[in-house]
Amino acid sequence: METDRRYIRGRIDYLEKRLSELEKRRKLQTERRKKTGVRTIALVGYTNAGKSTLLNYLCNENVYAENRLFATLDATARKLSIDGTDFLLVDTVGFLRDLPHHLIEAFKSTLESALNCDLALIVCDGTSDYAMQIDTTLRALRSMNFSSPYLVVVNKKDVLSESEKSDFPADYTLISAKTGEGIGELKEKISARFRSEYTDCVLFVPYSATQLYMAKKKYLTQQSVSYENDGTTIVCRIQNERVNEFSRWIKSVLTANTDTFTSDTLRSDTVSEMNVRKDLL
Ligand SMILES: Nc1nc2c(ncn2[C@@H]2O[C@H](COP(=O)(O)OP(=O)(O)OP(=O)(O)O)[C@@H](O)[C@H]2O)c(=O)[nH]1
Ligand SMILES: [Mg+2]
């Protein structure tokens with residue numbers, strides 16, 4: 001009995017700590033976005049995959065890149081412009097298989113800005129075991145409560161044979177950070193993500209609808225939550241194709257946050273859709 005109670009207490013303490021960490025992170029994310037309106041893209045992945053080389057190529061920069069383990073030891077951020085929209089591109093320390101847990105903990109502070117990102121590019125080296133690299137990276141990130149959307153980027157295309165190139169899943173983007181091959185396609189995928197994937201909204205969910213909301217919660221990313229007398233106000237990002245399912249709770253659409261949505265069509269569509277729904281409420 002006593003052991004059970006101690007176990008549960010310990011578990012609760014742990015969860016509370018995790019949750020407050022998450023909340024702090026989301027707050028940071030929201031504040032930063034409000035302040036600058038600039039989205040962050042993080043380069044994450046296995047060591048030696050070519051993250052720093054890719055940052056250099058994309059941003060015309062000269063960040064230290066080297067053929068050795070852990071060439072990058074801290075996060076470096078540069079401005080990246082795609083079709084007139086500015087992003088912050090963050091380079092991070094690479095992961096390694098079976099990295100001791102205490103080292104992951106040490107990386108955590110370094111990775112804070114990356115964990116907060118709006119989009120992660122998981123970079124892997126196409127010339128070695130890419131599945132292992134992606135798996136290692138995702139495991140490490142998830143152990144740090146990472147939950148941002150991501151694209152998988154397979155690097156070093158320049159040294160892959162034709163048959164090797166056709167082996168990768170269709171949704172992976174093959175590039176060469178050295179020659180620039182595939183970078184145009186990658187940029188297009190990045191802008192498409194920001195253009196069409198999400199809508200930022202403020203929801204109000206009455207306590208009586210909590211259960212229903214919880215069942216749908218996986219389709220959105222909460223950015224902040226505040227508890228009021230009769231329900232919860234939630235600032236969140238919803239996948240566009242799911243916005244409908246939340247319409248009854250939408251109080252407002254944060255158009256101020258859609259400045260990275262470069263397509264005017266989308267912006268007006270989203271807004272007028274919302275107006276129609278508000279009328280229906
Ligand atoms: N052939 C080829 N080599 C590349 C490419 N991109 C990077 N490299 C090489 O791969 C090695 C590692 O590149 P980095 O950019 O330092 O790798 P990283 O992912 O930043 O590594 P860490 O900082 O240790 O995590 C360097 O020798 C690069 O020159 C590429 O597209 N093709
Ligand atoms: Mg590096």
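Everything numeric here is computed off the predicted structure, so don't read it as measured data. Remember, it's 1-based here, ligands and their atoms both numbered in the order they're listed.
Ion pairing of K178 with D158 is absent here, as no side-chain N (NZ or NE/NH1/NH2) approaches a carboxylate O to less than 4.0 Å. Taking a cutoff of 4.0 Å between a charged side-chain nitrogen and a carboxylate oxygen, D200 and R237 qualify as a salt bridge.
In the hydrophobic clustering of this structure, F204 does not group with M214; members are Ile, Leu, Val, Met, Phe, Trp, Tyr whose side-chain heavy atoms approach within less than 4.5 Å, directly or through other members. Hydrophobic clustering of Ile, Leu, Val, Met, Phe, Trp and Tyr side chains at less than 4.5 Å, counting indirect connections, unites M132 with V44.
For the Mg ion (ligand 2), the N/O/S atoms of T47 include none lying under 2.8 Å.
Distances below 4.0 Å separate heavy atoms of D158 from the following atoms of ligand 1: 1 (N), 2 (C), 30 (C), 31 (O), 32 (N). For ligand 1 and A177, the ligand atoms under 4.0 Å from any heavy atom of the residue are 6 (N), 31 (O). Each of the atoms 17 (O), 19 (O) of ligand 1 lies under 4.0 Å from some heavy atom of A49. Taking a cut-off of under 4.0 Å to the non-hydrogen atoms of G94, the atoms of ligand 1 that pass are 25 (O).
When only interatomic distances are considered, the shortest N/O to N/O separation between V93 and ligand 1 does not fall below 3.5 Å. At a 3.5 angstrom cut-off on N or O pairs, I175 does not count as close to ligand 1. Considering both main-chain and side-chain atoms, N48 comes within under 3.5 Å of ligand 1 through a nitrogen or oxygen pair. Ligand 1 has no N or O atom lying under 3.5 Å from any N or O atom of V159, backbone or side chain.
Around atom 7 (C) of ligand 1, the closest heavy atom drawn from L96, V123, T53 belongs to T53. The residue among T92, D91, D125, T47 with a heavy atom at the shortest distance from atom 24 (O) of ligand 1 is T47. Looking at K178, K157, K51 and measuring to atom 3 (N) of ligand 1, the nearest heavy atom belongs to K178.
Judged by the 6.0 Å and 45° rule, R242 forms a cation-pi pair with Y219.
When all heavy atoms of S191 and I82 are compared, the pair lying nearest together is OG-CG2, 3.6 Å.
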Report the C-alpha separation of Y130 and Y46 in whole Å, then their side-chain angles, then the decisive distance to 0.1 Å, and conclude whether the ring-ring contact (aromatic ring centres under 6.0 Å, His included) test is met. CA-CA 9 Å; Y130 70 92; Y46 213 67; over 10 Å; no

Trace of the side-chain hydrogen bond (donor to acceptor under 3.5 Å, both in side chains) decision for E185 with T173: CA-CA 8 Å; E185 189 195 334; T173 312; 4.8 Å; no

